[in-house]
Amino acid sequence: MEHPADSIVAKRNALASGRSTSASLVDDALTRIAGDTTGSFLQVLEDDARERAADIDRRRAAGEDVGPIGGVPIAVKDNICLDRGRTTCASRMLEAYESPFSATAVSRLEAAGAIVIGKTNLDEFAMGSSGEHSAFGPTRNPWGTDRVPGGSSAGSAAAVAAGLVPGALGSDTGGSIRQPASYCGVVGLKPTYGRVSRWGLVAFASSLDQIGPFARTVEDCALLLEAMSGLDALDSTSADVPVASIDGQLDTPVEGLRIGVPREAMAQHAGVDAAFRSAIERFRSLGATIVDVELPNLAHGVAAYYIVAPAEASSNLARYDGVRYGRRAELKPSDDLIEMYAKSRAEGFGPEVQRRIMLGTYALSSGYYDAYYLTALKTRRLIKRDFDRVFASEDGGAGCHAVITPTAPTPAFRIGALLNDPLAMYQQDLFTIPANMAGLPAISVPMGTVEDEGEQMPVGLQIVAPAFGEASLLRIARMYEATPTTS
Amino acid sequence: MSDPTASRPDDVLGADAVRRVAHLSRLSLDDSALERYATQLGAILGHVRQLQDLDLDDVEPLTHPLDATNRLDADAARPPLDREALLKMAPDAAAPFIRVPKIIGNDGGA
């Protein structure tokens, strides 16, 4: 297997063989971040990262086990808690917030030897599909800095694509890892709901949120995923399902591979559509059976999601009330508690967050609950059933190992292009939302570049697998990644 | 209450409705912000109303993707987070309390 020079595996191998030190990897990353033009980082933990690197180098020299990714620098999306520095969620509300603990996913990666070099930019509270909804300025796409990197894990995707770090953590509620991975030409994985603990992930929509990795290769993603997966007593929704190790098995093709292609997977962009047709041919050339399947409720995903997710957000974000932590507005002596809440929240939350809180509050309010929220939850059931039928090998199911679609309907758009049209922005999540609604694992792998307004921009292929089918999903993604384009 | 599914002209949320939802959301917004949100929320809700054409009568709502049940922890004491660290996060504290505006009167406790 080839390992690109900027991959985690290449860096790990260089460290293990003594060709490199963690201190020099961290130095190199810090230098690159200092010259960054994408705005990927909100905070760089320079001294802390240097100290940890020196410590790992010392331990390695003393012959100690420094973990499977010992000494490799990574970045963490700033809605994932770290017990040092700030965790801002790119919001004025949490501008000065310092978490007293680290997320389980981060602690596990650190136990595996990773060095967190900084916190990355995002759409405020992970709400957005472009990276523009950050209180601290937009993130830019390294392929063209007048374009968005996608969102909400904008900085993590851009940082890996720009070669600032070999790997990063993001979170995915409706496509927030996969869509920016597609826009930036990197690999991004949303695990099965419950695969990775959500402890320490600032809650947006709790029945949809998952933490997942970004990297240059499928193998690197597999490495990060394995290090952070598994049951966690601190998250009651983390799943008590064994984590299958993919070590040494990633290059084993899936036998009798059946790939479902939904009729409904129509890209809105000629280039994306052509790239997707060529991806289908690539699987065919690998001996896969291409199965024509139907996901009749795919088209309803965006509508259902933009009720379910805001409803959960309106409840989760009620905790930002200016009392126990976060921002409190300047008050007049006559202001009472309700005014303190309302002024603090109006000041602290940006427009997209306010919009979603209001949307969710409306959908849950008396007289509208059945028409909106309950209807959305029933639609969610239909979306899950669509996938069940495609994956089932009995009862008339299509018996597919995976379903493929373009990750996003278009390549990255220009900064500002959709900012005043929330509904058009939401449509970018068309293909990614269903996996969150059904709790399924899904990955975006680079599908080449396409021409868009005279420029070549990357696009991604999304592969969706049955729940807890990460091991097979990663092997399928690896099969695709390892095969040259035929057309 | 009027039929919430009835279509509204131009898919704009009414001024009273948007004011009410801003209050329920505990967001203190001026008139221009309310007007902007009324238009945007109206458009989104207009799109969402497509779901009401689906045949959902016999469909169970899905609240959780894995149909998981609650897992209970052992009833054992564990060290809590440090009180000093928690108080340090509060915008206004006088240890061991967090200070807030008055709660009783002015309808503040409603």
Side-chain angles (χ1 to χ4, degrees), chain A residues 97-98 100-101 193-194 207 233 236-237 239-240 300 302-304 306-307 314 321-328 331 334-343 345-346 349 354-355 357-359 361-362 365 367-368 371-372 374-382 384 422-423 426 437-439 467, chain B residues 1-5 13 17-18 20-30 33 36-37 40-41 43-52 54 56-57 59-66 68 70-73 81-82 85-86 88-92 98 100-103 105-110:
Chain A
Y97 177 69
E98 294 177 6
F101 53 83
Y193 184 84
S207 79
S236 64
T237 61
D240 193 2
H300 306 304
V302 171
Y306 278 96
I307 292 298
S314 72
D321 54 7
V323 176
R324 288 154 300 163
Y325 51 86
R327 187 185 192 93
R328 182 185 292 188
L331 301 175
S334 59
D335 283 343
D336 63 17
L337 199 63
I338 298 285
E339 280 159 317
M340 183 191 81
Y341 297 155
K343 284 184 177 179
R345 291 161 63 81
F349 293 137
Q354 293 189 357
R355 200 151 41 226
I357 289 174
M358 292 174 75
L359 188 58
T361 302
Y362 182 82
S365 64
Y368 299 92
Y372 290 107
L374 196 62
T375 300
L377 291 182
K378 289 180 171 189
T379 309
R380 187 175 182 182
R381 170 83 59 190
L382 297 184
K384 184 165 188 291
L423 199 50
Y426 297 169
M437 296 296 257
Chain B
M1 176 124 348
S2 62
D3 175 10
T5 64
L13 213 56
V18 75
R20 182 176 136 75
V21 78
H23 172 70
L24 290 173
S25 303
R26 300 291 185 260
L27 288 167
S28 172
L29 302 174
D30 62 26
R36 196 169 59 247
Y37 286 132
Q40 292 171 341
L41 295 179
I44 297 164
L45 291 169
H47 177 74
V48 167
R49 279 197 289 274
Q50 63 167 276
L51 301 181
Q52 288 157 9
L54 296 173
L56 297 169
D57 287 349
V59 180
E60 278 290 300
L62 179 72
T63 52
H64 192 283
L66 302 180
N70 271 343
R71 192 174 64 233
L72 299 177
D73 274 358
L81 288 170
D82 177 56
L86 295 174
K88 210 179 95 190
M89 299 192 294
D92 191 5
I98 290 170
V100 294
K102 68 173 179 178
I103 291 169
N106 297 352
D107 298 326

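Letters A, B, ... are given to chains in the order of the sequence lines, protein chains preceding strands, and every chain is numbered from 1.
- Using a 4.5 Å heavy-atom threshold, the side chains of B/P101 and A/D336 count as separate.
- Residues A/I357 and B/S25 meet the side-chain proximity criterion, which asks for heavy atoms closer than 4.5 Å.
- Between B/S28 and A/A346, the shortest heavy-atom contact is O-CB, 3.1 Å.
- For the options A/M340, A/Q354, A/M437, A/K343, heavy-atom pairs under 4.5 Å to chain B are most numerous at A/Q354.
- The two residues A/R328 and B/P91 make their nearest non-hydrogen contact at CB-CB, 3.7 Å.
- Residues forming a salt bridge (charged side-chain N to carboxylate O under 4.0 Å, His left out) with A/K378 (at least two apart in sequence, or on another chain): none.
- Heavy atoms of A/T379 lying under 4.5 Å from chain B belong to its backbone as well as its side chain.
- Applying the salt bridge (charged side-chain N to carboxylate O under 4.0 Å, His left out) test to A/R327 and every residue at least two apart in sequence or in another chain returns A/E95, A/E347.
- Contacts of B/Q50 with chain A are made by side-chain atoms alone, with heavy-atom separations under 4.5 Å and no backbone atom involved.
- Distance check, rounded to the nearest 0.5 Å: CG of B/D92 to CG of A/L331 gives 9.5 Å.
- Considering only heavy atoms from C-beta on, A/I307 comes within 4.5 Å of B/L45 through its side chain.
- For a residue to count as touching a neighbouring chain, one of its non-hydrogen atoms must lie under 4.5 Å from one of that chain's; by this rule B/I98 touches chain A with the side chain only.
- Ranked by heavy-atom pairs under 4.5 Å with chain A, the list B/L27, B/V21, B/V100 is led by B/L27.
- Residues B/L29 and A/M358 have side chains in contact (heavy-atom distance under 4.5 Å, counting atoms from C-beta outward).
- With contacts defined as side-chain heavy-atom distances shorter than 4.5 Å, the pair B/L56/A/L382 qualifies.
- With values rounded to the nearest 0.5 angstrom, B/R49 atom CZ is found 12.0 Å from A/T375 atom OG1.
- Residue contact with chain B, scored on non-hydrogen atoms closer than 4.5 Å, involves the side chain of A/Y97 exclusively.
- Proximity of B/L41 to A/Y362: side-chain heavy atoms (C-beta onward) are nowhere separated by under 4.5 Å.
- For a residue to count as touching a neighbouring chain, one of its non-hydrogen atoms must lie under 4.5 Å from one of that chain's; by this rule B/L81 touches chain A with the side chain only.
- Closest of all the heavy-atom pairs between B/Q52 and A/A371 is NE2-O, 2.7 Å.
- Note that CD1 of B/I44 is 8.5 Å distant from OH of A/Y306, once rounded to the nearest 0.5 Å.
- With a 4.5 Å cut-off on side-chain heavy atoms, B/M89 and A/R324 do not count as touching.
- Annotation for A/P100 and B/A85: closest pair CB-CB, 4.5 Å, computed over non-hydrogen atoms.
- Atom-to-atom distance recorded for B/L62:CG and A/S207:OG is 8.0 Å, nearest 0.5 angstrom.
- With hydrogens and angles ignored, the 3.5 Å screen pairs a side-chain donor or acceptor of A/R345 with a backbone N or O of B/R26.
- The candidate with the highest count of non-hydrogen atom pairs below 4.5 Å against chain B, out of A/L374, A/D321, A/L359, A/V302, is A/L359.
- Looking at B/L54, only its side chain comes within 4.5 Å of chain A, counting heavy atoms on both sides.
- Only the backbone of B/D57 has a heavy atom closer than 4.5 Å to any heavy atom of chain A.
- For B/A43 against A/L423, the heavy-atom pair with the smallest separation is O-CD2, 3.7 Å.
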